[in-house]
Number of protein chains: 2
Amino acid sequence: MLKLSKKADYGLMALQYIASVQFGDVAQARIINTKEIAEEHHIPVELLAKVLQALAKHGIVESQNGPKGGYLLARNAGTITIAQVLEAIEGPLGIADCYHDKDESTCLQREHCNIRTPLRKVQDSIYQLLNNMTVEDMMGGTPLITIQPTTTVEGVER
Amino acid sequence: MLKLSKKADYGLMALQYIASVQFGDVAQARIINTKEIAEEHHIPVELLAKVLQALAKHGIVESQNGPKGGYLLARNAGTITIAQVLEAIEGPLGIADCYHDKDESTCLQREHCNIRTPLRKVQDSIYQLLNNMTVEDMMGGTPLITIQPTTTVEGVER
DNA sequence: AGGTCTCCGATCAAATTGGTCGGATAAAAT
DNA sequence: ATTTTATCCGACCAATTTGATCGGAGACCT
């Protein structure tokens, strides 16, 4: 119940990873391709590619084609909210469709609905919660340095 | 995304209706059967029955068998939280399974997961939100009196 | 200019959810 | 007390959504 889809999970993981590499203190800012993210997190490559496409289309990441291509954040990590990410991947988010539906014909009990009004508060609270948290906030939670190409920090287990 | 299932919707509607009749100021406290709720809200009878079974099994409503049977709230409306209702209908709620999973084998990226820690705050906030709201809070949102068997109030449209 | 590596759109399989049916049970009427 | 009737209850089947995959087009490096 209320579970995030796997695509959403993968998207958030990818963004956290990209942001960490791009703005992390140790690693150099570099473009990251889909394969690297997929292998690092053990997720299917093609599916992750599809997710990143959606994020690119919505202006969250910037795609670069060709060899040595890949993705990088389109804007600062602090301006990308979780809500924006989820909506880019899975469409408008909400506990019910009737809060942002144009056609009202979909819900048969729309007229006699007795929970639409009270649940709107829940809807708004959840959205506000997700729209206040950014991928920058997720960077703090990363416990271990991921990849260290040049220098070597003391033995952080990988 | 993050949409409530229809079973969850139906369950909440039913509880709001039962609570309104049982504790409403005008209507007499009476047992309500599945058919009445289903017809009032235009939802499939058998599916609603299944939902109410789950709620009965979890001690949220009390079932009474036989003719003139039906359901009534097992405890006060103020003590039944939305979270309890949703969990009774659809199982444990959370934006990811890994927060209450026994077996850790399900999630392949569990070891390399970089969003589990930061998203836990979101998880807790949502749960707290749903666990603070009760069906009593939903009763305030009901705009129209539903059924009036004995006396007649002025023309409320049905 | 050729080759290679990347992104990109359309297509297919699996899982969850929505919906349905017949049997068991208990209360009421005869 | 027995029959009848209306309800709850558990197992079964279909539909929608989600997860995953494949082949093609475009861009960069050599």
Side-chain angles (χ1 to χ4, degrees), chain A residues 1-11 13-14 18 30-39 41-72 74 86 88-93 95-97 106-109, chain B residues 1-11 13-14 18 30-39 41-58 60-72 74 86 88-93 96-97 106-109:
Chain A
M1 192 78 244
L2 285 181
K3 203 174 57 171
L4 260 56
S5 71
K6 288 196 177 179
K7 289 200 292 184
D9 290 339
Y10 297 160
M13 288 182 197
I18 295 176
R30 56 188 173 88
I31 293 198
I32 304 165
N33 59 12
T34 307
K35 193 180 171 190
E36 176 182 338
I37 306 174
E39 288 180 350
H41 294 278
H42 301 93
I43 59 189
V45 192
E46 295 87 359
L47 184 55
L48 177 63
K50 201 173 158 186
V51 172
L52 288 173
Q53 290 166 30
L55 292 177
K57 178 168 286 185
H58 286 259
I60 292 175
V61 295
E62 201 81 34
S63 73
Q64 193 152 330
N65 214 339
K68 291 287 187 180
Y71 290 97
L72 77 167
L86 297 183
I89 296 174
E90 294 281 358
L93 55 86
I95 57 176
D97 290 333
T106 45
C107 182
L108 294 175
Q109 42 273 126
Chain B
M1 191 81 241
L2 286 181
K3 203 175 56 171
L4 260 56
S5 70
K6 289 196 178 180
K7 289 200 289 184
D9 290 338
Y10 297 160
M13 287 183 198
I18 295 175
R30 58 188 172 87
I31 293 196
I32 304 167
N33 58 13
T34 307
K35 193 180 169 191
E36 176 183 338
I37 305 175
E39 290 181 349
H41 294 278
H42 300 93
I43 58 188
V45 192
E46 294 87 359
L47 183 55
L48 178 62
K50 202 173 158 185
V51 172
L52 288 172
Q53 289 167 30
L55 292 177
K57 177 169 286 183
H58 286 259
I60 292 176
V61 294
E62 200 81 33
S63 74
Q64 192 153 331
N65 212 339
K68 291 286 187 180
Y71 290 98
L72 77 167
L86 296 183
I89 295 176
E90 294 282 357
L93 54 88
D97 290 334
T106 47
C107 182
L108 294 175
Q109 41 273 124

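Everything numeric in this text was worked out from a predicted model, so none of it was measured. In what follows, every chain begins at residue 1, and chains take the letters A, B, ... in the order their sequences are listed.
Closest to the N33(A) side chain, of the nucleotides dC9(D), dT6(C), dA20(D), is dT6(C). In the set dG19(D), dG9(C), dG18(C), dG18(C) carries the atom at the smallest distance from any side-chain atom of E90(B). Comparing dA28(C), dC9(D), dC28(D) by their closest approach to the side chain of P67(A) singles out dC28(D).
Atom CD1 of I31(B) is separated from atom C1' of dA28(C) by 14 Å (rounded to the nearest Å). The separation between Q53(B) atom CD and dA11(D) atom P is 10 Å, rounded to whole Å. For the pair L2(B) CG and dT17(D) P, the interatomic distance rounds to 16 Å; values are reported in whole Å. Put simply, NZ on K6(A) is 11 Å from P on dT21(D), counting in whole angstrom units. At whole-Å resolution of the value, CD in Q109(A) and P in dG18(C) are 12 Å apart. Between K3(B) atom NZ and dT16(C) atom P there is a gap of 17 Å when expressed in whole angstrom units. In this structure, the CG atom of D9(A) is 11 Å from the P atom of dA20(D), given to the nearest Å. As a whole-Å value, the separation of K7(A) NZ from dT17(D) P is 13 Å.
In this structure, CG in D9(B) is found 7.5 Å from CD in Q109(A), a value given to the nearest 0.5 Å. Rounded to the nearest 0.5 angstrom, H41(B) NE2 and E36(B) CD are separated by 9.0 Å. Rounding to the nearest 0.5 angstrom, the gap separating the CE atom in M1(B) from the NZ atom in K3(A) is 10.0 Å. Note that CG of N33(A) and OH of Y71(A) are 10.0 Å apart. Values are rounded to the nearest 0.5 Å. A distance of 10.5 Å separates NZ in K7(A) from CG in L55(A), rounded to the nearest 0.5 Å.
In this structure, K68(A) and T34(B) both approach DNA chain D, and ranking their closest nucleotides by distance from the 5' end singles out T34(B). When the nearest nucleotides of DNA chain C are assigned to P44(B) and L52(A) by heavy-atom distance, the more 5′-ward of the two goes with L52(A). Nucleotides of DNA chain D nearest to K35(B) and E46(A) differ in position, and the one nearer the 5' end is that of K35(B).
Residue S5(B) has no polar side-chain atom (N or O) positioned under 4.0 Å from OP1 or OP2 of dT16(C). Taking side-chain N and O atoms only, N65(B) has no distance below 4.0 Å to OP1 or OP2 of dA27(C). For the pair S63(A) and dC8(C), the criterion of a side-chain N or O lying under 4.0 Å from OP1 or OP2 is met. The side chain of Y71(B) contributes an N or O atom lying less than 4.0 Å from OP1 or OP2 of dC9(D). Considering only side-chain N and O atoms, Y10(B) lies under 4.0 angstrom from the phosphate OP1 or OP2 of dG19(C).
In the interface, the side chain of K50(B) is not paired with the base of dG10(D) through any donor and acceptor atom under 3.5 Å apart.
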